[in-house]
Protein chains: 2
Amino acid sequence: MELTERKKQVLRSVVDLYIRTAEPVGSKAITELPDMKYSSATIRNEMAELTAMGYLEQPHTSAGRIPSAAGYRLYVDELMADYRLSMDETKSINTAIEEKMQQVDKMVEKVAKLVSQATDLPAISVAARSGGATAKRFDLILAGQGSVILVIMLSDNQVVNKLINLPVQVTDSDLKILSALLNATMTDLSQEEFSQDLLDRVMGSAGAAACLVPVIMEFTGETLSRQASTNMAVAGQMRLLGQPEYRDVDKAQRLMSSLDEDALANLPAVMQNANGTKVLVGPEHVAQELKDTSVVMTKFDIGDGLQGMIGVVGPTRMDYAKVTARLSYFAESLSKMFAKPEQPQLPTGQEEAKEE
Amino acid sequence: MELTERKKQVLRSVVDLYIRTAEPVGSKAITELPDMKYSSATIRNEMAELTAMGYLEQPHTSAGRIPSAAGYRLYVDELMADYRLSMDETKSINTAIEEKMQQVDKMVEKVAKLVSQATDLPAISVAARSGGATAKRFDLILAGQGSVILVIMLSDNQVVNKLINLPVQVTDSDLKILSALLNATMTDLSQEEFSQDLLDRVMGSAGAAACLVPVIMEFTGETLSRQASTNMAVAGQMRLLGQPEYRDVDKAQRLMSSLDEDALANLPAVMQNANGTKVLVGPEHVAQELKDTSVVMTKFDIGDGLQGMIGVVGPTRMDYAKVTARLSYFAESLSKMFAKPEQPQLPTGQEEAKEE
DNA sequence: CTTAGCACTCAGAGAAAAAGAGTGCTAACA
DNA sequence: TGTTAGCACTCTTTTTCTCTGAGTGCTAAG
């Protein structure tokens, strides 16, 4: 059987309507659409054939049709109309990004939150390093009696810090000496280069605060390897409840619990060598738990060897056109923001102050 | 009418059962409890009187009784049995705290997450400063061409950082000079002391990187005032769905949306001058939206003038004994952890590395 | 190839009936 | 005087049944 132009038009109409109403679509509803010049009988025939071809399904005999996974696939790949973002939409996305991206290390959480807001669906955001990070700078700060704060700045401009409690007293100048030493010897090293040998070498010249060195080295090593894997956040799970397919609390709950965890860990892998925006429809999923939801995701560039990914999860019946458009725009804006380090990302810094 | 010992016993039984089953409790069910030596008829009489006294209510004539707000109140204040935490529970709380509290500045989020996990209810965690914070140390780090990372360490050991993009080029030594200046002039100042005057003064001696000063000052001021107000996180909203009273998605959604926002902002105020663990039952609430949920909350000490608060939100029918016990223990452990700066919070630092 | 017409199917709404849980009251009992 | 057995009554919940209407597939005519 052939997929004629008219069949495509019918399929598109069914998907469009179903996305809007969440109810099975009957031949009559299609007839009433503008641009549809055929009678319900004709549409019925077409629909019957589309069903036979696997693009539509029927919940039961006397119901209308709903798109099958294959139907959505076709819709996403060929049929759906481009969704043009309105000025308002682009503007609100830009403002959000500008206002929220202040603290570098909370980036992932904030992006997830923003994307979720923009799409009204649960969102996930991941930052992963392709190469390995290195430490760019160490600072040691005395914090009260006997505890020290270690601040490490990574090559990707993330800042991590750790409170270390000491068994012995150290002075401010001890720390100055040690941090100079750390900066001299331990910066720009990849995780693999943190060897026993290095530890011995640093310990040798560490002076009074030597007891800190093993802790610092271990933490640094850990940090570098952790960052190397992934760093991800999920936001807006509750938004699923807004979708009629999740009126059933059990269903919603089942999905939600998987939204927190490993199921999502696989997603970045899917994006690995893909480019642009990718849509995973229902059963095409890697993760079992997500097999009746769809995922839209896209990559963006953070610079300094960091890869970002944002995505949203929703019912298969989600508004792919809108979601894809917003997500792509988001990715674009984020890439742009990270891409121009010479150029202030905010006009010139008057708005810097606004936070949260 | 008098609240006899037997009436109390009946009331306690009703609340206990209702907490466990979420179903109205009938006289028969009470009879079947061990330690209940009266017939259902007697219990019925008692229940009728408890209802008249306002401690119980009847959803409809032919249903059992459920506790009224007053009933819960009495239960919480006098009736409920102490819940003894098992070794497992205390251990898992301690391990969680030890493992997760590495990054000082992500404390609030992590505590919220942990508390929610421990109670299986949505949790909120707040850190608020009684006095004002001050900056303890400034660092400026050159990050690629034309952008600088500002790291501020606050008097409460929190570390905040901000990426600043520059309209002009600065060198590493410019930054050294400027940060020395900042550390000399801007540390230990409360928010109010950040005046135009100070700005002028610092600008005057700032040298090459002077253009950074306004941005830094503004950010610092903002940070101090923001930290001074509150810093809060909510976690585990979805856990509400596990409660039978929220099988109704609309209801759940309504509550959830208020869980994110202002409704909670009032809670810390309630704790202001209270001590220990506090229970707010349903209609006793400040926040309209929460009027048919209960909140259990408790304070803990972060040290350095910081006050912490943790709390959970749940149906009025929550297991107060268990929740209160866990929450109190949590608060205690956290206080302990923050209270001993001379003493390593982890044995001696071998485990420091574990993160996430 | 398209369309009008029609018999047929089946989910969902509603009404009616049946079941069951729990009560309040009375009267007997210790 | 406090306790309990017994019973009629109330009202929710569950089940069963009927009915309605949307939507279909097929046939035959345009």
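Note that this is a predicted model, so its numbers are computed, not measured. Numbers restart at 1 for each chain; the letters A, B, ... are given by sequence-line order, proteins then strands.
Between B:Arg6 and B:Ser62, the residue anchored nearer the 5' end of DNA chain D, judged by the nucleotide with its closest heavy atom, is B:Arg6.
Checked for salt-bridge contact, B:Glu2 and B:Lys7 miss the test: no charged N lies under 4.0 Å from a carboxylate O.
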Are B:Glu46 and B:Arg6 close enough, and set up right, to give a salt bridge (charged side-chain N to carboxylate O under 4.0 Å, His left out), and what steps lead you there? CA-CA 8 Å; B:Glu46 294 288 42; B:Arg6 191 172 67 187; 2.6 Å; yes

Assess whether salt bridge (charged side-chain N to carboxylate O under 4.0 Å, His left out) is satisfied between B:Asp77 and B:Arg73, documenting all intermediate values. CA-CA 6 Å; B:Asp77 290 343; B:Arg73 181 80 272 163; 3.3 Å; yes

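The cationic atom of B:Arg12 (NZ for Lys, CZ for Arg) does not lie both less than 6.0 Å from the six-membered ring centre of B:Tyr75 and within 45° of the ring axis.
For the residue pair A:Ser40 / A:Ser27, no side-chain donor-acceptor distance below 3.5 Å is found, with atom types taken as modelled. Checking B:Thr277 against B:Thr324 by side-chain atom types alone, no donor-acceptor pair falls below 3.5 Å. Defined by atom type and a distance below 3.5 Å, a donor-acceptor pair is present between the side-chain atoms of B:Glu89 and B:Tyr83.
Near-neighbour residues of DNA chain C inside residues 24-46 of chain B, defined by a heavy atom below 4.0 Å, number-ordered: B:Gly26, B:Ser27, B:Arg44.
Bracketed by its first and final contacts, the part of DNA chain C lying under 4.0 Å from non-hydrogen atoms of chain B reaches from C:dA21 to C:dC25 in 5' to 3' order.
When atom types are taken as modelled, the side chain of B:Arg326 and the backbone of B:Ala118 share a donor-acceptor pair closer than 3.5 angstrom.
D:dG2 atom P lies 11 Å from atom NZ of B:Lys7, rounded to whole Å. Distance, A:Glu23 CD to D:dG21 P: 18 Å, rounded to whole Å.
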